[in-house]
J.: 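Pasting a structure below so you can have a look.
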Amino acid sequence: MARPKRNFQSGFCYHITTRCNNREFRLTRLECREVFLYAIKKAQEKYQFKLYALCIMSNHVHYLLEPKQPEDLPKIIHFAIRNSQFAIRN
């Protein structure tokens with residue numbers, strides 16, 4: 001059975017958590033964190049969301065953000081992860 005559709009609403013903040021594949025510790029090096037921050041900045045320029053907090057741990061990331069358009073939330077996270085994963089992978 002499929003998961004129920006998420007109900008994103010305007011004006012709300014969302015706490016999002018993403019983790020590295022296989023729970024690997026891929027975000028331990030400073031260079032990896034800088035690449036990830038750059039990807040978040042590019043996502044912010046593209047989707048115009050408010051980033052209230054960001055916590056990069058060694059194998060996962062916490063975000064507290066408010067998307068300009070509620071339907072952009074999955075696109076924001078996908079964009080940030082997609083644009084940083086290849087640099088972090090190695």
Side-chain angles (χ1 to χ4, degrees):
M1 177 175 231
R3 178 178 62 207
K5 188 175 187 219
R6 291 184 174 116
N7 183 20
F8 299 122
Q9 298 179 358
S10 292
F12 280 69
C13 292
Y14 294 92
H15 173 245
I16 311 290
T17 304
T18 58
R19 69 174 185 200
C20 298
N21 287 340
N22 301 320
R23 298 182 181 173
E24 294 175 351
F25 294 90
R26 294 288 186 172
L27 299 170
T28 55
R29 295 189 341 253
L30 178 62
E31 298 85 18
C32 293
R33 291 172 185 240
E34 288 174 346
V35 167
F36 193 79
L37 288 171
Y38 180 78
I40 291 290
K41 183 178 178 181
K42 287 297 181 188
Q44 209 168 13
E45 290 171 5
K46 182 173 182 173
Y47 293 104
Q48 304 293 309
F49 61 91
K50 294 178 183 175
L51 182 64
Y52 294 110
L54 177 70
C55 181
I56 304 174
M57 307 301 283
S58 58
N59 69 344
H60 66 283
V61 180
H62 295 269
Y63 317 77
L64 184 61
L65 58 88
E66 179 184 342
K68 190 172 187 178
Q69 301 297 325
E71 62 274 5
D72 285 347
L73 187 58
K75 297 175 193 173
I76 292 166
I77 300 304
H78 179 77
F79 182 91
I81 292 170
R82 181 79 177 141
N83 287 296
S84 62
Q85 72 180 358
F86 295 112
I88 293 172
R89 181 183 279 169
N90 297 321

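By convention here, the first residue in the shown sequence is residue 1.
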J.: Indicate, with yes or no, if the rings of Tyr63 and Tyr14 have centres closer together than 6.0 Å.
T.: no
J.: Run the numbers on His60 and Thr17 for side chain to side chain contact (heavy atoms under 4.5 Å, CB included), then give the verdict.
T.: CA-CA 7 Å; His60 66 283; Thr17 304; 4.2 Å; yes
J.: Linking I/L/V/M/F/W/Y whenever their side-chain heavy atoms sit closer than 4.5 Å, directly or via other members, would Leu37 and Leu27 fall into one cluster?
T.: yes
J.: Output yes when a side-chain donor or acceptor of Arg19 lies under 3.5 Å from a complementary backbone atom of Val61, and no otherwise.
T.: no
J.: Could you check whether atom NE2 of His62 has more than 12 heavy atoms from other residues, nucleotides or ligands sitting under 6.0 Å from it?
T.: yes
J.: Which pair of heavy atoms, one from Glu66 and one from Gly11, lies closest together, and at what distance?
T.: OE2-CA, 3.6 Å
J.: With rounding to the nearest 0.5 Å, note down the distance linking NZ in Lys68 to CG in Leu73.
T.: 15.5 Å
J.: Roughly how far apart are Lys46 NZ and Asn83 CG, rounded to 0.5 Å?
T.: 8.0 Å
J.: Taking all non-hydrogen atoms of both residues, which atom of Ala39 and which atom of Phe79 are closest, and how far apart?
T.: O-CE2, 4.1 Å
J.: Going through the checks in order, is the side chain to side chain contact (heavy atoms under 4.5 Å, CB included) test met by Ile40 and Leu51?
T.: CA-CA 9 Å; Ile40 291 290; Leu51 182 64; 3.8 Å; yes
J.: Which pair of non-hydrogen atoms, one from Thr28 and one from Ser58, has the smallest distance, and what is that distance?
T.: CG2-CB, 3.7 Å
J.: Let me check something: do Tyr38 and Leu54 share a hydrophobic cluster, defined by ILVMFWY side-chain heavy atoms less than 4.5 Å apart, either directly or through other members?
T.: no
J.: How far does CZ of Arg3 sit from CZ of Arg6, to the nearest 0.5 angstrom?
T.: 3.5 Å
J.: Please check if Phe12 and Leu65 belong to a single hydrophobic cluster, counting links between Ile, Leu, Val, Met, Phe, Trp and Tyr side chain heavy atoms closer than 4.5 Å.
T.: yes
J.: Would a single hydrophobic cluster contain both Ile16 and Tyr47, if residues Ile, Leu, Val, Met, Phe, Trp and Tyr are joined by side-chain heavy-atom contacts under 4.5 Å?
T.: yes
J.: Phe49 and Pro67: which non-hydrogen atoms are nearest, and at how many Å?
T.: CB-CA, 3.8 Å
J.: To the nearest 0.5 Å, how far apart are CZ in Arg29 and CD in Glu34?
T.: 11.0 Å
J.: Are any side-chain N or O atoms of Arg33 and backbone N or O atoms of Ile56, one a donor and one an acceptor, separated by less than 3.5 Å?
T.: yes
J.: Going through the distances and angles, do Cys20 and Phe25 end up as a side chain to side chain contact (heavy atoms under 4.5 Å, CB included)?
T.: CA-CA 7 Å; Cys20 298; Phe25 294 90; over 6 Å; no
